[in-house]
Chemist: 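First the structure, then my questions, so here it is.
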Amino acid sequence: MKSIAIVTDSNCGISPSQAKDLGIYMLPMPFFIDEKEYLEDIDMNQAEFFQYLEQHPECHVSTSQPTPESVTTLWDSLLKDYDEIVHIPMSSGLSSSMQTARMLAEDYDGHVRVVNNQQAKNGLSADEIGTWLEETRFDSSIYITVATLKYLKQGGRITPAAAAIGTLLRLKPVLQIQGEKLDAFSKARTMNQAKNTMTKAIKDDIANRFGEKINLDVIHSHNLEAAQEFRKEVLATFPDIGEINIFPLSLSVSCHIGPGSLALTCSKVHPEIW
């Protein structure tokens, strides 16, 4: 059987140390603060990022994708020790890094398979892994509510007028990611309403899309205490789940969401890999 290296980026939701323990190779995602570039967990970590936002409330944050050179340099290094690479970048609906990686992979004679997904599967060839991942890429949901509209406005996700009205009305939008794109899902006036909306949406997904065998996680941006409380509430709603993990949002996503967000994710369990 050919040896296969798994490559992803720091949007995958696990830390560099966790990736190392799992044998996964990770590209750090670049982001910008007032046009100065930083690499996630190399130049700035989670605590430093949110501390900077608190100390410089007028700063402007934005994101980018890994440079083609950083991608091919990693690939070239890995192909000295592995036969094939499965590269799993941020999904195409959220970033152009997937399209760039696919273009670069054309020069690797089939040794690199770029996948539009964020899961991994063992025991298959790179091409079989890629096909399976893309077939199952809609088997998860993410619902996110934000504490401020400032960063959605900065990133062009909503218009300045919509942000002003939403702030005036104290709206807390609930956003959704279904496989590829970040879209509006609902609106709430309070964080409790937003959490109830996300929980109901997961109930609907279980009933209509995923069935009872699921994994749930709570995700947050600089909002750990609220995330811990939300996990207790979700466990009370879904007592059969057993365990719900808490993860921080990656910094390149937090640039568009801002601090104080909460998210609830649901992934369908595939018995062949879980």
Side-chain angles (χ1 to χ4, degrees), residues 7-67 70 74 88-90 94-95 97 118 142-155 157 163 167 172-175 177 182 191 194-195 198 216-235 243-265:
V7 176
T8 186
D9 57 46
S10 53
N11 281 306
C12 67
I14 60 176
S15 68
S17 61
Q18 289 172 319
K20 184 177 181 179
D21 290 342
L22 292 168
I24 296 172
Y25 298 90
M26 185 184 295
L27 281 164
M29 291 293 288
F31 60 95
F32 294 84
I33 301 177
D34 291 332
E35 300 185 359
K36 181 179 179 181
E37 184 182 61
Y38 298 84
L39 293 177
E40 184 168 355
D41 285 319
I42 294 178
D43 302 315
M44 185 176 286
N45 61 29
Q46 290 268 337
E48 293 165 339
F49 175 77
F50 289 109
Q51 182 181 46
Y52 191 95
L53 295 191
E54 289 175 1
Q55 295 174 346
H56 304 83
E58 300 305 317
C59 71
H60 185 276
V61 294
S62 59
T63 59
S64 183
Q65 59 177 305
T67 64
S70 68
L74 178 58
I88 313 172
M90 195 173 192
L94 299 174
S95 170
S97 57
Q118 285 287 9
I142 303 175
Y143 299 95
I144 308 170
T145 187
V146 301
T148 172
L149 300 176
K150 171 184 175 180
Y151 298 91
L152 290 173
K153 182 183 74 172
Q154 274 191 5
R157 301 283 180 175
T167 300
K172 296 189 179 301
V174 177
L175 312 175
I177 300 175
L182 178 68
M191 184 60 76
K195 290 191 291 184
M198 292 189 288
L216 291 179
D217 296 307
V218 171
I219 305 177
H220 70 98
S221 58
H222 198 51
N223 203 16
L224 179 58
E225 186 175 340
Q228 292 170 333
E229 181 61 31
F230 190 28
R231 176 171 60 181
K232 293 178 183 177
E233 296 167 4
V234 175
L235 280 169
E243 181 180 8
I244 296 175
N245 294 308
I246 296 176
F247 298 106
L249 273 174
S250 68
L251 293 187
S252 55
V253 175
S254 294
C255 285
H256 298 283
I257 300 297
S261 72
L262 283 176
L264 185 59
T265 77

Chemist: Using the side-chain hydrogen bond (donor to acceptor under 3.5 Å, both in side chains) criterion, which residues pair with Ser70? Sequence neighbours excluded.
Modeler: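 With neighbours one apart ignored, the set is Thr67.
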Chemist: Looking at residues at least two apart in the chain, or sitting in another chain, which of them share a side-chain hydrogen bond (donor to acceptor under 3.5 Å, both in side chains) with Ser254?
Modeler: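 Ser254 satisfies side-chain hydrogen bond (donor to acceptor under 3.5 Å, both in side chains) with no residue once adjacent residues are dropped.
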Chemist: Check side chain to side chain contact (heavy atoms under 4.5 Å, CB included) between Pro259 and all other residues, then give those that pass, not counting sequence neighbours.
Modeler: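 With neighbours one apart ignored, the set is Phe50, Leu53, Tyr151, His222.
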Chemist: Ignoring hydrogens and angles, tell me if any N or O in the side chain of Gln55 forms a donor-acceptor pair with the backbone of Tyr52 under 3.5 Å.
Modeler: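 Such a contact is absent between Gln55 side chain and Tyr52 backbone.
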Chemist: Any chance you could measure Leu175, atom CG, to Tyr143, atom OH, to the nearest 0.5 Å?
Modeler: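 So the gap between those two atoms works out to 12.0 Å.
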Chemist: Rounded to the nearest 0.5 Å, how far does CD1 of Ile219 lie from CD1 of Ile257?
Modeler: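 Here the interatomic distance stands at 11.0 Å.
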Chemist: Return each pair, listed once, that meets side chain to side chain donor-acceptor pair (under 3.5 Å) where at least one residue sits in residues 25-43; pairs must be two or more places apart or across chains.
Modeler: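 Applying side chain to side chain donor-acceptor pair (under 3.5 Å) to every pair that reaches into residues 25-43, excluding sequence neighbours, yields Ser10-Glu40, Tyr25-Tyr82.
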Chemist: With sequence neighbours left out, what residues match Thr265 under side-chain hydrogen bond (donor to acceptor under 3.5 Å, both in side chains)?
Modeler: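 None.
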Chemist: Starting from the C-alpha separation in whole Å, work towards a yes-or-no answer on side-chain contact (heavy atoms from CB on, under 4.5 Å) for Met26 and Val7.
Modeler: CA-CA 6 Å; Met26 185 184 295; Val7 176; over 6 Å; no
Chemist: Are any non-hydrogen side-chain atoms of Phe32 and Val61 less than 4.5 angstrom apart?
Modeler: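 The answer is no, as the side chains (C-beta and beyond) never meet within the 4.5 Å cut-off.
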Chemist: Could you tell me which residues satisfy side chain to side chain contact (heavy atoms under 4.5 Å, CB included) with Ala227, sequence neighbours excluded, listed by chain and number?
Modeler: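 Here the qualifying residues are Val218, His220, Ile246, Leu262.
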Chemist: Residues two or more places apart in sequence or in another chain: which of them pass ring-ring contact (aromatic ring centres under 6.0 Å, His included) with Phe49?
Modeler: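 Phe49: ring-ring contact (aromatic ring centres under 6.0 Å, His included) contacts with Phe31.
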Chemist: So, the side chain of Ser252 versus the backbone of Met29: is there a donor-acceptor pair under 3.5 Å, distance only?
Modeler: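 Between the backbone of Met29 and the side chain of Ser252 there is no qualifying donor-acceptor contact (under 3.5 Å).
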Chemist: Not counting sequence neighbours, which residues clear side-chain hydrogen bond (donor to acceptor under 3.5 Å, both in side chains) with Gln18? List them please.
Modeler: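 Counting only residues at least two positions away or on another chain, Gln18 forms a side-chain hydrogen bond (donor to acceptor under 3.5 Å, both in side chains) with Ser15.
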Chemist: Phe247: which residues meet the ring-ring contact (aromatic ring centres under 6.0 Å, His included) condition with it, sequence neighbours left out?
Modeler: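 With sequence neighbours excluded, Phe247 shows a ring-ring contact (aromatic ring centres under 6.0 Å, His included) to no residue whatsoever.
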Chemist: Rounded to the nearest 0.5 Å, what's the gap from CG on Leu216 to CD1 on Ile244? Could you check?
Modeler: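 If we round to the nearest 0.5 Å, Leu216:CG and Ile244:CD1 are 5.0 Å apart.
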Chemist: Does atom CD (Glu225) have a neighbourhood of more than 12 heavy atoms from anything else shown, all under 6.0 Å?
Modeler: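 12 or below, so no.
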Chemist: Applying salt bridge (charged side-chain N to carboxylate O under 4.0 Å, His left out), name anything that partners Glu233, two or more places apart in sequence or on another chain.
Modeler: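 Listed in chain order: Lys195.
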